[in-house]
**Student:** 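The structure under discussion is supplied below as structure tokens; questions concerning it will follow.
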Amino acid sequence: MATGHADPQRRARIIAATLDLIADEGVAGVSHRKIAARAGVPLGSMTYHFGGMDDLLREAFRHFTDHIVALFDAHLAPPADRDQARAAVADLVHTLSEGSRSDLVLTQELYTLAARRPAFRELTHEWMARSRSHLEKHFDPGTARQLDALIEGLTLHRALAREPHDRDLTLEAVTRITATGR
């Protein structure tokens, strides 16, 4: 097998394999052995690249949150006015709820991990702050906080509903929350 020097993508493959395994089996189903097998790397690579399972989970979930924040940026950077920003938030909810099943599961796994293990709460706090910073480009901080929670809730409800609500209802909810403020 190649050494880490000949395999510069090994660390990234381990992180990707970790997220895939969490999406398939949950955090409880993750082990160094399973991740190494899924990533196609020697078991020793796990301890070479990461200080332990918590370190690996933090890195994997940080990679995941970067992906979600990039979606916030893609939707919320272009709007030039408040109405466009409202429409962008509605589009974001639908993108997230109609997107990857893995993203939905990873979000819930991270929240559950953070609820059970305070060491992971800092990661969720950073994630929420980064998401809200994109919303605060268009809305005051209090409204951005409410919108962030609305996005999470509507995304989950749409993704799990037998008959998901349509974009008009999403836009109506966003408009109600953003009716006051900046």
Side-chain angles (χ1 to χ4, degrees), residues 1-78 88-89 91-135 147-149 151-161 164:
M1 254 192 199
T3 66
H5 298 292
D7 187 5
Q9 297 303 312
R10 185 174 290 180
R11 189 173 199 283
R13 283 201 330 271
I14 292 169
I15 289 172
T18 301
L19 291 171
D20 289 346
L21 189 59
I22 292 168
D24 290 346
E25 298 185 25
V27 171
V30 171
S31 72
H32 287 288
R33 190 170 304 283
K34 287 180 181 179
I35 294 166
R38 190 169 285 214
V41 302
L43 187 57
S45 293
M46 304 301 293
T47 55
Y48 177 80
H49 290 285
F50 301 96
M53 186 57 74
D54 280 358
D55 184 37
L56 175 54
L57 290 173
R58 266 191 299 282
E59 285 297 313
F61 277 122
R62 184 166 282 112
H63 181 81
F64 169 70
T65 60
D66 287 348
H67 159 69
I68 299 298
V69 170
L71 290 174
F72 270 69
D73 186 47
H75 281 82
L76 295 169
V89 171
D91 291 342
L92 176 61
V93 167
H94 287 253
T95 296
L96 292 169
S97 62
E98 295 165 2
S100 163
R101 175 198 160 279
S102 294
D103 285 357
L104 178 69
V105 171
L106 289 168
T107 298
Q108 300 314 308
E109 286 287 335
L110 175 55
Y111 285 152
T112 300
L113 187 62
R116 288 185 176 140
R117 300 185 46 204
F120 286 87
R121 275 194 206 127
E122 189 57 35
L123 186 56
T124 59
H125 289 287
E126 290 170 13
W127 180 19
M128 287 185 257
R130 291 172 65 202
S131 298
R132 283 194 305 264
S133 73
H134 288 290
L135 294 164
L147 274 176
D148 195 29
I151 291 165
E152 295 286 339
L154 288 178
T155 297
L156 183 61
H157 281 247
R158 283 198 84 255
L160 299 178

**Student:** Just grab all the salt bridge (Lys or Arg N to Asp or Glu O under 4.0 Å) pairs involving residues 100-109, residues at least two apart or on different chains.
**Tutor:** none
**Student:** List for me each residue that meets side chain to side chain contact (heavy atoms under 4.5 Å, CB included) alongside M128, sequence neighbours excluded, and say none if there are none.
**Tutor:** T124, R132, D148
**Student:** Say you draw a straight line from CD of Q108 to CG of L110; how long is it, rounded to the nearest 0.5 Å?
**Tutor:** 9.5 Å
**Student:** Walk me through whether W127 and Y111 qualify under ring pair (Phe, Tyr, Trp, His ring centres under 6.0 Å).
**Tutor:** CA-CA 11 Å; W127 180 19; Y111 285 152; 5.5 Å; yes
**Student:** If you look at every heavy atom in V89 and L135, which pair is closest and at what distance?
**Tutor:** CG2-CD2, 3.9 Å
**Student:** Quick one: does H75's side chain have a donor or acceptor within less than 3.5 Å of a partner on L71's backbone?
**Tutor:** yes
**Student:** Can you tell me how far the OG1 atom of T107 sits from the CD atom of E152, to the nearest 0.5 Å?
**Tutor:** 6.5 Å
**Student:** Could you tell me the separation between the CZ atom of F120 and the CG atom of L57, rounded to the nearest 0.5 Å?
**Tutor:** 5.0 Å
**Student:** Taking salt bridge (Lys or Arg N to Asp or Glu O under 4.0 Å) as the test, write out the residues that go with R130, two or more places apart.
**Tutor:** D66
**Student:** Not counting sequence neighbours, list each pair that qualifies as a salt bridge (Lys or Arg N to Asp or Glu O under 4.0 Å) and has a residue in residues 32-45.
**Tutor:** D24-R38, E25-K34
**Student:** Grab the two heavy atoms, one from A23 and one from S102, that are nearest each other, plus how far apart they are.
**Tutor:** CB-OG, 3.7 Å
**Student:** How many angstroms lie between atom CZ of R13 and atom CD1 of I35, to the nearest 0.5 angstrom?
**Tutor:** 13.5 Å
**Student:** When rounded to the nearest 0.5 angstrom, what distance separates CZ in F61 from CG in L56?
**Tutor:** 10.0 Å
**Student:** Mind checking the CZ-OG1 spacing from R58 to T65? Nearest 0.5 Å is all I need.
**Tutor:** 13.0 Å
**Student:** Any chance you could lay out the side-chain contact (heavy atoms from CB on, under 4.5 Å) test for H49 and E59, step after step, and finish with the verdict?
**Tutor:** CA-CA 11 Å; H49 290 285; E59 285 297 313; over 6 Å; no
**Student:** Return yes when atom NE2 of H67 has more than 12 non-hydrogen atoms of other residues, nucleotides or ligands closer than 6.0 Å, and no otherwise.
**Tutor:** yes
**Student:** I would like to know whether L96 and I151 meet side-chain contact (heavy atoms from CB on, under 4.5 Å); could you show each step before the answer?
**Tutor:** CA-CA 9 Å; L96 292 169; I151 291 165; 3.9 Å; yes
**Student:** Can you run down the salt bridge (Lys or Arg N to Asp or Glu O under 4.0 Å) pairs that involve residues 41-55, sequence neighbours left out, and say none if there aren't any?
**Tutor:** D54-R117
**Student:** So which heavy atom on V69 is nearest to which on S131, and how close?
**Tutor:** CG2-OG, 4.1 Å
**Student:** Can you name the nearest heavy-atom pair linking T18 to A60, along with the distance?
**Tutor:** CG2-CB, 3.8 Å
**Student:** Could you work out, with salt bridge (Lys or Arg N to Asp or Glu O under 4.0 Å) as the rule, every residue matching E98, not counting sequence neighbours?
**Tutor:** R158
**Student:** If every non-hydrogen atom of I22 is compared with every non-hydrogen atom of L106, which pair is closest and at what distance?
**Tutor:** CG2-CD2, 3.5 Å
